[in-house]
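Worksheet for the structure shown next.
In the text below, chain A, chain B and the rest are named by the order of the sequence lines, each starting its count at 1.
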There are 2 protein chains.
Amino acid sequence: MSTAQGGPYERAHRPTRPEGAPTVDRRSAIRQAALRLFASQGYRSTTMTDIGAAVGIRGPSLYKHVASKHELLAEIMIDTMDQLIADNAAAVAGTDDVREQLRRSTEAHIRYHARHRLEAFVGNREIGSLEQADQDRVLSRRSDYERRFRELIERGVAEGAFCVRSARIASYSILDMGIGVSSWFHEGGEFSVDQLAYHYGDTALRIVGARHPGPAPQEHDLPLG
Amino acid sequence: MSTAQGGPYERAHRPTRPEGAPTVDRRSAIRQAALRLFASQGYRSTTMTDIGAAVGIRGPSLYKHVASKHELLAEIMIDTMDQLIADNAAAVAGTDDVREQLRRSTEAHIRYHARHRLEAFVGNREIGSLEQADQDRVLSRRSDYERRFRELIERGVAEGAFCVRSARIASYSILDMGIGVSSWFHEGGEFSVDQLAYHYGDTALRIVGARHPGPAPQEHDLPLG
DNA sequence: CCTACCGATCGGTAGG
DNA sequence: CCTACCGATCGGTAGG
């Protein structure tokens, strides 16, 4: 059940590293190990002993670097939402065209869920494992993030660029597709991250029934069109 | 949150029911309570004491009705996949038109995820909590289910009815949208289950770039079209 | 960074 | 269907 067990031997009382230098490094190693374990075994099934073993120390020694197991999970999930929001802000900042903004927002969404599969996966599965205060922090960020997509689509509809019955459901559709990516994507498969992002950018535009820009309104034969 | 709690009183040593009659009823009550608790707290955080309390008995008494906590989870998840596959088989059986088959498949998918939110939610979150043999059973059914959508889309492309770059990704997109529904849908909201299913049926046809049937090929202005 | 250990929890069994 | 309880696990602390 445990992981990087170097075997029960040659472990007793290895002296500390050359004096406190790589402590910062150590902390991120712990976080990374925790993330991997949370993703593969679940938060609840991962023990401090597991996390310690993954970085070569005992469970109780982790408390020199982190305050608690909860803190590790909360940090991962809050940072994930902050990154998604920051990426989205950058995506919409580059253009005024609502179609292009939706394409870039979707690409950023997909890129994050493909490149940071584990963070996204844990972030979506372990919300209920957070303490109330941290759960509130994550959920309010998630609401912000969802609103960005919804309002973008509403604007597209208002401008006549998009055609959907419900901007809310269209935004959920696009977001949920991306969340799914974090479950099945792996590098080295049929598509690269960039190809995947571009593909989903197109799909998002299909979902919202995007019409080509230009002076003359165009016809198309889509359902709901 | 709990169900048939008769209160903590009048509980000590109630004699068994009129001889083995409602045992079947009891068992499904236990299963329903377990499902609710697994969904809200997670499998690992739900105790046999919790489940027992939800049906008005003590934890150890559950073992008169179920073999183990694992069995409860495995049953829920396997039945869920069997139901999805059966619904899909019924959906495609009613017509030969590939567009209509995709629409009905998507509607059935959405309907299940809206009507059986908890089953779908638990089924997607707790795969890692299953024992190996049960996990294999669930994953092989899931593969079957995914293949049905993928092959349907491949056929649509071959017939010239659909236009996608990757049938696999298109099928994941549609399936993942549905999975998402089980996270946010609740009855009494903006849409009924039927409206939601119809809406997503349209969206699926947009995703695959469905063209209208008929002798004359038509033009449209979709990306990837 | 370690060992020793506390306090609490939990799935399941024994025996009635 | 109950109480009593076993065996195991776990997050975190004490003290070095």
Side-chain angles (χ1 to χ4, degrees), chain A residues 1-6 8-27 29-30 33-34 37-38 41-74 126 129-131 134, chain B residues 4-27 29-30 33-34 37-38 41-74 126 129-131 134:
Chain A
M1 195 53 71
S2 77
T3 43
Q5 279 269 12
Y9 314 104
E10 42 80 62
R11 191 203 259 126
H13 259 227
R14 218 169 358 180
T16 36
R17 300 297 173 87
E19 224 42 32
T23 295
V24 139
D25 209 41
R26 189 66 119 188
R27 198 179 198 282
I30 290 170
L37 288 162
F38 292 165
Q41 315 179 351
Y43 173 76
R44 202 74 204 302
S45 300
T46 300
T47 70
M48 292 305 267
T49 302
D50 291 336
I51 301 173
V55 297
I57 64 179
R58 303 290 186 180
S61 304
L62 291 168
Y63 292 90
K64 273 286 161 190
H65 303 284
V66 300
S68 68
K69 191 185 166 191
H70 264 115
E71 186 196 68
L72 277 168
L73 181 63
E126 303 289 359
S129 304
L130 289 172
E131 285 162 353
D134 290 318
Chain B
Q5 275 270 14
Y9 312 105
E10 41 77 66
R11 188 206 261 125
H13 260 224
R14 217 170 358 180
T16 35
R17 300 298 172 87
E19 225 43 32
T23 296
V24 140
D25 208 41
R26 189 65 119 187
R27 198 178 197 283
I30 290 169
L37 288 162
F38 292 164
Q41 316 179 353
Y43 173 76
R44 202 73 205 302
S45 300
T46 299
T47 71
M48 292 305 267
T49 303
D50 292 335
I51 300 172
V55 297
I57 64 179
R58 303 291 186 180
S61 304
L62 291 169
Y63 291 89
K64 273 284 160 191
H65 304 282
V66 299
S68 67
K69 192 185 165 191
H70 264 115
E71 186 196 68
L72 278 168
L73 180 63
E126 303 288 358
S129 304
L130 289 172
E131 285 162 353
D134 290 319

Looking only at non-hydrogen atoms, find the nearest pair between B:V55 and B:A33 and report the distance. CG1-CB, 3.9 Å
If I compare all heavy atoms of A:Q41 with all of A:D50, which pair ends up nearest, and what's the gap? OE1-OD2, 3.4 Å
Going by side chain to side chain contact (heavy atoms under 4.5 Å, CB included), name the residues that satisfy it together with B:T49, two or more places apart in sequence or in a different chain. B:T47
Residue list, side-chain hydrogen bond (donor to acceptor under 3.5 Å, both in side chains) with A:S61, at least two apart or on another chain: none
Could you report the tightest heavy-atom contact between B:R27 and B:V66, atom names first, then the distance? NH2-CG1, 4.1 Å
Look for any protein N or O under 3.5 Å of an N or O in nucleotides 7-12 of chain C and output each such pair with its distance, or none.
from   : atom 1 : to    : atom 2 : distance (Å)
C:dG11 : OP1    : B:T46 : O      : 3.0
C:dG11 : OP1    : B:K69 : NZ     : 2.8
C:dG11 : OP2    : B:M48 : N      : 2.9
C:dG12 : OP2    : B:Y63 : OH     : 2.6
C:dG12 : OP2    : B:K69 : N      : 3.1
C:dG12 : O5'    : B:Y63 : OH     : 3.2

Each base of DNA chain C marked ( ) or [ ] if paired in-strand (Watson-Crick or G-U under 3.5 Å), | if paired to another strand and . if unpaired gives ||||||||||||||||
Please round to the nearest 0.5 Å and tell me the distance separating atom CG of A:L37 and atom CE of A:M48. 11.5 Å
Ignoring backbone atoms, test whether A:R58 places a side-chain nitrogen or oxygen under 4.0 Å from the OP1 or OP2 oxygen of C:dA4. no
Residues forming a side chain to side chain contact (heavy atoms under 4.5 Å, CB included) with A:S68, sequence neighbours excluded: A:H70, A:E71
When you measure from the side chain of A:K64, which nucleotide among D:dC2, C:dC1, C:dT3 comes out closest? C:dC1
Sorted by chain and number, sequence neighbours left out, ring pair (Phe, Tyr, Trp, His ring centres under 6.0 Å) with A:F38 holds for A:Y43
